[in-house]
Structure formats: C-alpha cells, structure tokens
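The first residue in the sequence is number 1, and the count goes up from there. Owing to the predicted nature of the structure, the values given are computational and were not obtained by experimental measurement.
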Amino acid sequence: NTFEDYSRILQRVPTRRAVAYMRVSRAVNSSKLSLVEKGICEDIECKSKELVIKEKGVYLIYCHLNFHFPNCSNSPTDLKIELLVNDKVDRQTLSTWCASERCQGKTFKTLFQLHLTHLKEEDRVSVALNHPQLLNEVSLPNDNVLGVLWYSDGM
C-alpha cells in the first residue's frame, strides 16, 4: 500500500473527469503542506501548495498522513488536519494523542480524512497542519498524500 501502488491503480481506472493524487511534504515556515511533483494530475492544475479545480462539480477530497513523535511525552498532543478550499477551512479533524505510561522512544500515528464537497471552477484545494514538524517524512514518506476525485456534476 504505497504511493506507487495506488498511483498505478488510479492510472488504470477509466475516468472521464478530473483526478489528482499527489504526495505532500512539510513546507518551510508554513502550516500548509507542499505538493510534490510526482503524482497524477488530470484536468486539475497542480501547483506547489494547492490543487486548482478546472470544472465545477462534486469532488471527493482525501488526505492520508503519517506522523512521527520522536520523543514520548506524558502530555497530550492535539493534531489538526484542515482541508482548505480557497484558504478557508472546509473540513477539519482534530485528534488528541496521549502517551501511555508504557510509552518508550518513538511513536507513529496515521490519520485519514475524507470530504465530499461541491467545488467551483478555480477553487483551490490544499491541506494544513497545526504541527507540520510531526509529519513523518523519513519512515513512510510515500504514504503522505492529498487526493481529489471528480464525483458528479452536482448534488
């Protein structure tokens, strides 16, 4: 279940509409994640930090992120993923991770978010984190992705 596996599957699925499947990584001095060039981008404009919609419709936006806590802490850590449309929060997930008393060394966590929404032409889709420094880009960098799939003409 890596980026390349899903990328090959999406390339074989016959689509008549827009699809984007891009790796994400930490941006310098920003909570908004950067898009890595390697990926699928058909009928959607893929910029450095956002996906620009070319045709209005209902889209499925999804984000799969892996986190790495290098040191265990006895205090809880709130991780917030924000799916942004035109730089405004359209959907957010807040997850609190608490270290157990048996916590030793490193901890890894995964968050997955889905959002079905209507988007207009020229809408910009991006993802932001409240703790981007915790994004795991060492062990599983291939599994940090932002995707957008055209779903239908309207709801």
Side-chain angles (χ1 to χ4, degrees), residues 1-70 77-97 107-155:
N1 293 341
T2 66
F3 178 85
E4 285 80 13
D5 293 334
Y6 288 125
S7 181
R8 277 192 294 276
I9 291 169
L10 286 172
Q11 287 173 345
R12 291 184 185 133
V13 173
T15 67
R16 299 179 317 225
R17 302 291 178 139
V19 60
Y21 184 74
M22 302 291 289
R23 287 182 175 152
V24 294
S25 65
R26 288 189 295 249
V28 178
N29 298 325
S30 175
S31 62
K32 194 185 283 190
L33 299 181
S34 293
L35 300 176
V36 180
E37 288 184 32
K38 186 176 181 183
I40 297 171
C41 199
E42 295 179 15
D43 295 326
I44 292 176
E45 185 179 349
C46 296
K47 294 189 173 184
S48 65
K49 290 189 178 183
E50 57 195 12
L51 303 171
V52 181
I53 302 303
K54 291 185 176 181
E55 183 181 350
K56 71 177 184 170
V58 177
Y59 287 80
L60 177 66
I61 303 170
Y62 56 97
C63 187
H64 180 237
L65 302 173
N66 295 284
F67 296 91
H68 173 229
F69 299 84
T77 301
D78 291 329
L79 290 176
K80 181 169 54 171
I81 298 176
E82 296 176 328
L83 293 179
L84 308 173
V85 175
N86 301 322
D87 293 323
K88 294 182 182 176
V89 176
D90 205 55
R91 175 86 176 194
Q92 72 178 1
T93 298
L94 179 65
S95 184
T96 302
W97 300 102
T107 303
F108 297 91
K109 300 292 179 190
T110 297
L111 289 177
F112 185 75
Q113 186 174 31
L114 288 172
H115 182 44
L116 190 63
T117 189
H118 187 272
L119 297 173
K120 299 180 296 283
E121 188 177 331
E122 299 300 318
D123 276 351
R124 297 172 288 111
V125 177
S126 56
V127 62
L129 299 175
N130 64 331
H131 293 292
Q133 74 279 7
L134 295 176
L135 188 67
N136 181 10
E137 295 182 305
V138 177
S139 301
L140 297 169
N142 294 342
D143 289 333
N144 294 319
V145 296
L146 172 64
V148 175
L149 293 170
W150 182 87
Y151 186 75
S152 75
D153 288 327
M155 290 176 122

Name the residue from [options] that meets the side chain to side chain contact (heavy atoms under 4.5 Å, CB included) definition with [X].
X: F67; options: T110, L134, N144, T77; result: L134
X: K54; options: E122, E45, E121; result: E45
X: V24; options: V145, V36, L146; result: L146

Side-chain contact, heavy-atom cut-off 4.5 Å: [X] with [Y]?
X: E55; Y: D43; answer: no
X: T117; Y: L83; answer: no
X: L79; Y: L129; answer: no
X: L94; Y: D78; answer: yes
X: L149; Y: Y62; answer: yes
X: C46; Y: L51; answer: yes
X: W150; Y: Y59; answer: yes
X: I53; Y: V148; answer: yes

Taking every non-hydrogen atom, the tightest pair across [X] and [Y]:
X: I40; Y: M22; value: O-SD, 3.8 Å
X: A27; Y: S34; value: CB-OG, 3.4 Å
X: S126; Y: K32; value: OG-CE, 3.5 Å
X: Q113; Y: Q92; value: NE2-C, 3.4 Å

Spacing of [atom1] belonging to [X] relative to [atom2] belonging to [Y], to within rounding of 0.5 Å:
X: L119; Y: Y151; atom1: CG; atom2: OH; answer: 14.5 Å
X: C41; Y: L35; atom1: SG; atom2: CG; answer: 8.5 Å
X: K109; Y: L65; atom1: NZ; atom2: CG; answer: 15.5 Å
X: R23; Y: L33; atom1: CZ; atom2: CG; answer: 14.5 Å

Give a yes or no on whether the backbone of [Y] and the side-chain of [X] come within a donor-acceptor separation of less than 3.5 Å.
X: H64; Y: D143; result: yes
X: N130; Y: K80; result: yes
X: N86; Y: R124; result: yes

**Message:** Please evaluate residues L60 and L114 with respect to the criterion side-chain contact (heavy atoms from CB on, under 4.5 Å), reporting the C-alpha separation (whole Å), side-chain torsions for both, the decisive distance (0.1 Å), and the verdict.
**Reply:** CA-CA 7 Å; L60 177 66; L114 288 172; 4.2 Å; yes
**Message:** Counting only heavy atoms from other residues, nucleotides and ligands, does the tally under 6.0 Å from NZ of K49 exceed 12?
**Reply:**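 Yes, enclosed.
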